Amino acid sequence: MAIEYPAIAFCGALLTFLLAKHKPFSPVSASSGLSIIAYYFFYYFNLQPELYSAIFFGGTFIGMSTPKRFGVYTITSAAMIFAILFEYLVPKINNYGGALGISAFLSVCACHIFILFGAPRSKKR
């Protein structure tokens with residue numbers, strides 16, 4: 001796994017998190033809109049659009065599930081965990097959808113469990 005997986009997942013999570021905070025956008029519309037834009041970006045620059053847009057979309061799952069619970073620090077941690085889980089779960093699960101959902105769910109759950117056990121938490125603004 002190279003540095004691009006965590007970076008792409010972090011971009012998806014952070015952009016969704018920030019966009020979902022604005023009134024006209026819901027977390028689902030922020031995720032879907034940003035995922036379409038990301039796919040066209042990766043396709044235009046010929047940067048493995050299927051793989052990278054899947055990682056970006058998985059990152060948006062993290063941003064969708066956290067606007068009211070977590071902050072930027074927790075989103076960053078969840079995106080890093082997601083990238084590691086995605087790297088190792090894709091070969092084990094046949095479809096991207098299963099790997100995306102499980103990786104995002106486990107990364108957000110891990111961060112929430114860490115917070116319950118006293119890990120530092122992002123300050124909400």
Side-chain angles (χ1 to χ4, degrees):
M1 174 180 64
I3 191 71
E4 67 262 10
Y5 285 16
I8 292 169
F10 174 70
C11 287
L14 184 66
L15 290 174
T16 304
F17 175 76
L18 294 174
L19 194 59
K21 284 185 165 187
H22 294 288
K23 218 32 156 175
F25 295 101
S26 69
V28 174
S29 64
S31 170
S32 61
L34 289 170
S35 296
I36 291 169
I37 292 169
Y39 178 80
Y40 283 123
F41 174 82
F42 294 132
Y43 182 78
Y44 181 76
F45 289 106
N46 199 19
L47 298 171
Q48 300 178 8
E50 290 81 19
L51 175 64
Y52 288 167
S53 63
I55 296 169
F56 186 90
F57 186 53
T60 64
F61 287 177
I62 296 167
M64 281 182 4
S65 63
T66 59
K68 300 222 186 316
R69 288 190 169 189
F70 301 144
V72 176
Y73 175 76
T74 313
I75 288 174
T76 305
S77 302
M80 299 306 141
I81 294 169
F82 168 80
I84 293 167
L85 291 174
F86 181 81
E87 174 72 22
Y88 292 107
L89 286 178
V90 168
K92 305 274 189 240
I93 299 173
N94 294 335
N95 302 354
Y96 277 133
L100 287 176
I102 290 173
S103 299
F105 173 75
L106 291 176
S107 63
V108 170
C109 283
C111 287
H112 189 65
I113 289 170
F114 292 150
I115 288 171
L116 291 176
F117 285 121
R121 184 180 193 153
S122 300
K123 292 182 180 178
K124 296 181 183 177
R125 295 179 191 199

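Predicted model, so just to flag it, every value in this text is computed and none were measured.
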What is the minimum heavy-atom distance between [X] and [Y], and which atoms define it?
X      : Y      : value
Leu100 : Gly58  : CD2-CA, 3.7 Å
Ala9   : Ile55  : N-CG2, 3.9 Å
Phe82  : Ala104 : CD1-N, 3.5 Å

Which label fits Tyr5 and Phe86: parallel for a plane angle under 30°, tilted from 30 to 60°, or perpendicular past 60°?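 Rings of Tyr5 and Phe86: perpendicular, over 60°.
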When you group the ILVMFWY residues by side-chain heavy-atom contacts below 4.5 Å and let the links chain together, are Leu19 and Phe41 in the same group?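 Yes, one cluster joins them.
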Would you kindly confirm whether Ile37 and Phe10 end up in one hydrophobic cluster when ILVMFWY residues are joined by side chain heavy atoms under 4.5 Å apart?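 No: no chain of side-chain contacts under 4.5 Å links Ile37 to Phe10.
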Which value, rounded to the nearest 0.5 Å, describes the distance between [X] atom [atom1] and [Y] atom [atom2]?
X      : Y      : atom1 : atom2 : result
Met80  : Ile62  : CE    : CD1   : 9.0 Å
Leu116 : Cys111 : CG    : SG    : 11.5 Å
Thr74  : Phe17  : OG1   : CZ    : 8.5 Å
Ser103 : Tyr88  : OG    : OH    : 12.5 Å
His112 : Phe70  : NE2   : CZ    : 6.0 Å
Ile84  : Leu89  : CD1   : CG    : 11.5 Å

List, one per line, each side-chain donor-acceptor pair under 3.5 Å for residues 24-34, sequence neighbours excluded.
residue, atom, partner, partner atom, Å
Ser26, OG, Ser29, N, 3.2
Ser26, OG, Ser29, OG, 3.2
Ser29, OG, Ser26, N, 3.0
Ser29, OG, Ser26, O, 3.1
Ser31, OG, Thr60, OG1, 2.8
Ser32, OG, Val28, O, 3.2
Ser32, OG, Ser29, O, 3.2

My understanding is that a hydrophobic cluster links ILVMFWY residues whose side chain heavy atoms are under 4.5 Å apart, including indirect links. Using that, what else belongs to the cluster containing Tyr40?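 Besides Tyr40, the hydrophobic cluster comprises Ile36, Tyr39, Tyr43, listed by chain and residue number.
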Taking ILVMFWY side chains as joined if any heavy atoms are under 4.5 angstrom apart, and letting links pass through other members, which residues group with Phe117?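 Hydrophobic cluster check, Phe117: joined to Ile113.
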Please tell me if the side chains of Ile8 and Phe42 come closer than 4.5 Å, counting only heavy atoms from C-beta onward.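 Side chain of Ile8 against side chain of Phe42, heavy atoms only: contact under 4.5 Å found.
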With sequence neighbours left out, write down each residue that passes ring-ring contact (aromatic ring centres under 6.0 Å, His included) with Phe56, or none if nothing qualifies.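 Counting only residues at least two positions away or on another chain, Phe56 forms no ring-ring contact (aromatic ring centres under 6.0 Å, His included).
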Sequence-distant partners of Tyr52, side chain to side chain donor-acceptor pair (under 3.5 Å), two or more places apart: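 Expected list: Glu4.
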For Leu106, which residues count as a side chain to side chain contact (heavy atoms under 4.5 Å, CB included) partner, sequence neighbours excluded?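 With sequence neighbours excluded, Leu106 shows a side chain to side chain contact (heavy atoms under 4.5 Å, CB included) to Leu85, Ile102, given in chain and number order.
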